[in-house]
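Data block below; observations after.
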Amino acid sequence: MARLLDAVNSPQDLKKLTPEELDILCEEIRDTIIRVVGKNGGHLASNLGTVELTVALHTVLDLPKDKLIWDVGHQAYTHKLLTGRREALSTIRCENGISGFPKREESEYDAFNVGHASTAISAAVGMAAAMQITGKKERVVAVVGDGALTGGLALEGLNNAFCLHRNLIVVLNDNKMSISRSVGSLARYLSVLRTKPRYRRAKGRLVRFLDSMPVLGGGVHRLLTRGKNAVKRVVYRRNIFEDMGFQYYGPFDGHDVQGLIQALRVACSLERPVLLHVCTEKGKGYSYAEEDPGSFHGVPAFDIESGLPDGKGDNFSEVFGRTLCRMANDDIRLCAITAAMQTGTGLTEFRRCFPRRFFDVGIAEEHAVTFACGLASEGMLPVFAVYSTFLQRSYDQLLHDAGLQNLHLVLGVDRAGLVGEDGETHQGIFDTAFLSTVPHCIILAPSSYQELQGMLREAVYDRTGIVAVRYPRGKEQQSFPYTGKDWELLGEKTGDLLLLSYGKEYFYVHQAYQKLKKEGKRVSLLKLNRIHPVPEGAVEAARSFACVQFWEDAIHCGGIGEQYFDSLRQRGIVTDTRLHAIGAVQSGQAPQERMYALYRLDAAAVEAAARSILDKRNPSEKQGEGL
């Protein structure tokens with residue numbers, strides 16, 4: 001039996017469908033998303049919750065002339081299905097496939113590249129302002145989750161919208177969650193908006209009464225209009241969005257396609273900023289995701305029937321969380337902070353065991369750092385667990401509030417290095433460069449679970465200032481023992497080649513080193529555990545080697561390798577140096593291990609680069625191998 005979805009190649013095709021057909025289409029879209037994410041992994045619960053909303057938006061708007069911006073973009077799979085990428089959806093998040101987020105270079109329907117939260121309103125206000133200046137009549141619509149409103153950038157965008165005198169629509173997708181459940185005063189405020197039937201009933205009665213009155217002249221009409229507003233103020237007191245210059249409508253049922261279409265048409269008819277409040281259910285239509293939307297926010301490939309993921313076992317985030325719990329059990333000063341990433345950073349158990357010392361600040365990484373500084377100034381031991389790619393937002397607070405005051409706080413920098421399928425917006429490759437510019441900041445880089453456990457305790461109790469413990473996504477590749485040393489040297493103290501590395505990349509370098517060593521090559525391996533400041537002994541160790549190769553899964557410019565080689569020059573150590581790092585962020589995505597190969601940072605690349613150096617220094621050995 002043919003599906004309706006198979007006949008939808010652009011938003012124009014939706015305008016031909018009946019209300020009943022739109023409902024059937026929504027179910028077909030849900031089924032498609034579940035099957036694709038079950039195979040490829042990806043963002044599930046957020047996409048299932050926005051199916052009807054997306055269908056309504058594409059039915060009403062004139063895309064791509066109108067501009068539609070998705071905040072974060074992890075809920076845009078339906079958008080991709082409806083905009084000519086139906087067949088390509090099976091490749092989502094795969095190498096050479098389509099992105100899991102909107103990308104301008106991928107489709108004319110993707111108005112703005114996204115990947116991080118709270119950006120859509122600012123971008124939409126800018127686009128609407130440009131259209132206002134140039135006299136364009138197209139609409140700009142930003143779809144923003146309630147969790148994103150905890151980010152300061154979203155509020156800054158709302159605040160700036162007063163400058164517009166044309167049609168900007170902000171659709172507030174209220175599912176009571178970001179990734180974890182939404183927290184804070186704004187979450188409570190939206191709860192009030194959702195549950196104020198008294199206002200809706202009173203407003204409805206008043207509107208019906210006024211509509212039944214005959215026309216009594218402009219003065220009476222204005223009086224009655226003011227009466228409506230007065231009742232609204234008395235019954236409802238205030239609405240923050242209206243105070244910021246928006247016409248507020250809602251809340252609406254986010255799974256009622258026809259109701260949403262009607263509301264959007266009203267919003268599109270107004271020449272002023274409008275906020276549509278839409279209530280949706282994250283994970284809608286898939287029971288496992290409905291019951292546990294946090295766990296089904298971003299998932300690996302999984303079995304659809306059971307809801308169980310492919311592959312089990314520990315990962316660095318879970319080991320981090322368990323270690324922190326053990327430490328907190330013995331020390332009431334230890335606190336854990338997350339920016340709406342409780343599950344992703346492994347802090348669910350900490351929250352259960354130590355609720356008074358667990359703080360979810362919402363999508364507000366900047367606040368998280370300064371909040372941690374406040375805790376530290378009063379003698380607490382704050383640990384802020386955050387993805388590397390989201391920590392980027394906190395640079396000023398790290399520098400100004402933490403570094404310059406030399407306050408002691410610990411950063412659990414999760415997803416450091418190459419991440420994989422989420423693409424360039426989520427690669428954790430910049431933290432080494434920007435953290436190393438912050439005063440009084442130490443960076444530790446474990447390569448295994450044992451090292452993570454030891455370094456976390458070391459960071460809390462044996463170090464001062466800011467201490468970042470950066471660890472990769474996923475599972476350990478090999479169990480390296482924790483030695484407590486800032487650096488370690490394997491092999492001889494002199495030779496043809498010294499390999500240096502740290503963190504996850506060290507595993508690949510270690511593999512290549514072992515193979516070369518078995519062949520009798522004059523190669524040694526230096527492991528950095530403290531990567532910043534670079535240990536003096538680790539620098540001096542390079543003096544006796546003809547060539548030094550530094551390998552890191554982080555940005556080349558300003559990274560640890562550059563700092564290491566600068567230290568060599570300052571000490572007058574003259575040797576051949578080669579830095580293997582990430583020169584530029586590449587587009588696209590691939591499985592994590594495949595990305596190391598694409599960036600020429602896997603074991604095969606290390607071995608090839610090492611052999612190139614060794615063969616030049618010992619040509620007779622190379623000739624002998626060919627005999």
Side-chain angles (χ1 to χ4, degrees), residues 417 432-433 436 443 445 447 478 480 483 485-583 596-597 599-627:
T432 53
S436 58
I443 310 175
S447 303
Q478 185 174 335
F480 299 104
T483 64
K485 299 178 181 178
D486 284 345
W487 62 281
E488 306 164 43
L489 180 67
L490 300 182
E492 302 300 320
K493 295 181 179 180
T494 183
D496 294 328
L497 176 62
L498 176 64
L499 302 172
L500 286 94
S501 193
Y502 62 85
K504 182 181 176 72
E505 178 63 19
Y506 177 75
F507 164 73
Y508 298 111
V509 180
H510 185 265
Q511 275 190 318
Y513 162 76
Q514 287 184 313
K515 188 171 182 180
L516 294 167
K517 201 67 178 173
K518 286 181 181 178
E519 297 173 7
K521 305 293 185 183
R522 297 182 69 233
V523 59
S524 296
L525 173 60
L526 194 152
K527 183 180 191 298
L528 289 176
N529 295 322
R530 189 190 79 196
I531 64 175
H532 178 80
V534 175
E536 293 183 5
V539 176
E540 192 63 33
R543 190 180 293 276
S544 301
F545 290 87
C547 180
V548 177
Q549 285 185 345
F550 198 106
W551 295 83
E552 62 180 322
D553 54 353
I555 200 71
H556 184 293
C557 183
I560 305 303
E562 275 198 352
Q563 296 174 45
Y564 182 85
F565 289 147
D566 183 61
S567 296
L568 292 184
R569 288 188 291 272
Q570 290 185 31
R571 285 176 169 265
I573 299 175
V574 180
T575 185
D576 184 14
T577 58
R578 309 292 173 88
L579 174 55
H580 299 267
I582 298 172
Y596 279 85
Y599 277 99
R600 302 285 299 155
L601 292 171
D602 63 345
V606 177
E607 183 184 341
R611 287 190 187 280
S612 177
I613 297 296
L614 294 169
D615 290 344
K616 288 178 182 178
R617 293 196 57 80
N618 303 286
S620 59
E621 290 185 14
K622 182 179 180 181
Q623 293 172 1
E625 290 173 2
L627 295 177

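- Separation of atoms NZ (Lys616) and CG (Leu497) is listed at 12.0 Å; rounding is to 0.5 Å.
- With rounding to the nearest 0.5 Å, the separation of NZ in Lys493 from CG in Leu498 is 13.0 Å.
- In plain terms, the two heavy atoms of Thr575 and Phe545 that are nearest each other are OG1-O, 2.8 Å.
- Between Val548 and Ile573 there is no side-chain heavy-atom pair separated by less than 4.5 Å.
- The distance from atom SG of Cys547 to atom CG of Leu614, rounded to the nearest 0.5 Å, is 8.5 Å.
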_Would Leu528 and Phe550 count as a side chain to side chain contact (heavy atoms under 4.5 Å, CB included) here? Give the steps._
CA-CA 11 Å; Leu528 289 176; Phe550 198 106; 3.8 Å; yes

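- Between the Ser567 side chain and the Gln563 main chain, a donor and an acceptor come within less than 3.5 Å of each other.
- In terms of heavy-atom proximity, Trp551 sits nearest to Ala609 at CZ2-CB, 3.6 Å.
- In this view, Glu505 satisfies the side chain to side chain donor-acceptor pair (under 3.5 Å) rule with no residue, not counting sequence neighbours.
- In this structure, Ala512 and Glu607 approach most closely via the heavy-atom pair CB-N, 3.7 Å.
- Separating the CG atom in Leu499 from the CG atom in Leu526 is a distance of 10.0 Å, to the nearest 0.5 Å.
- No donor-acceptor pair closer than 3.5 Å links the side chain of Asp576 to the backbone N or O of Ala546.
- Within the 4.5 Å cutoff, the side chain of Lys521 has heavy atoms near those of the Arg611 side chain.
- Between Tyr564 and Ala542, the closest heavy-atom pair is OH-CB, 3.4 Å.
- To the nearest 0.5 Å, atom CD1 of residue Ile531 and atom CG of residue Asp486 are 11.5 Å apart.
- The ring pair (Phe, Tyr, Trp, His ring centres under 6.0 Å) test applied to Phe480 returns Tyr506, His510, not counting sequence neighbours.
- Closest of all the heavy-atom pairs between Val606 and Leu601 is CG2-O, 4.4 Å.
- For Glu488, there are no salt bridge (Lys or Arg N to Asp or Glu O under 4.0 Å) partners at least two apart in sequence or on another chain.
- Atom CG of residue Asp602 and atom CZ of residue Phe507 lie 10.5 Å apart, to the nearest 0.5 angstrom.
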_side chain to side chain contact (heavy atoms under 4.5 Å, CB included) assessment of Gln549 paired with His580_ = CA-CA 7 Å; Gln549 285 185 345; His580 299 267; 4.0 Å; yes

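- Remark: Lys517 NZ is packed, more than 12 non-hydrogen atoms of other residues, nucleotides or ligands lying under 6.0 Å away.
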*Would Arg522 and Glu492 satisfy salt bridge (Lys or Arg N to Asp or Glu O under 4.0 Å), going step by step from the backbone distance to the final call?*
CA-CA 8 Å; Arg522 297 182 69 233; Glu492 302 300 320; over 6 Å; no

*Decide yes or no on side chain to side chain contact (heavy atoms under 4.5 Å, CB included) for Leu568 and Val539, but give the supporting numbers first.*
CA-CA 6 Å; Leu568 292 184; Val539 176; 3.7 Å; yes

*Apply side chain to side chain contact (heavy atoms under 4.5 Å, CB included) to the pair Lys527 and Leu490, showing each step before the final yes or no.*
CA-CA 8 Å; Lys527 183 180 191 298; Leu490 300 182; over 6 Å; no

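- Proximity of Arg571 to Glu540: side-chain heavy atoms (C-beta onward) are separated by under 4.5 Å at one or more points.
- Between the side chains of Glu552 and Thr432, no donor-acceptor pair is found at a separation under 3.5 Å.
- For Arg543 against Gly572, the heavy-atom pair with the smallest separation is NH1-O, 4.3 Å.
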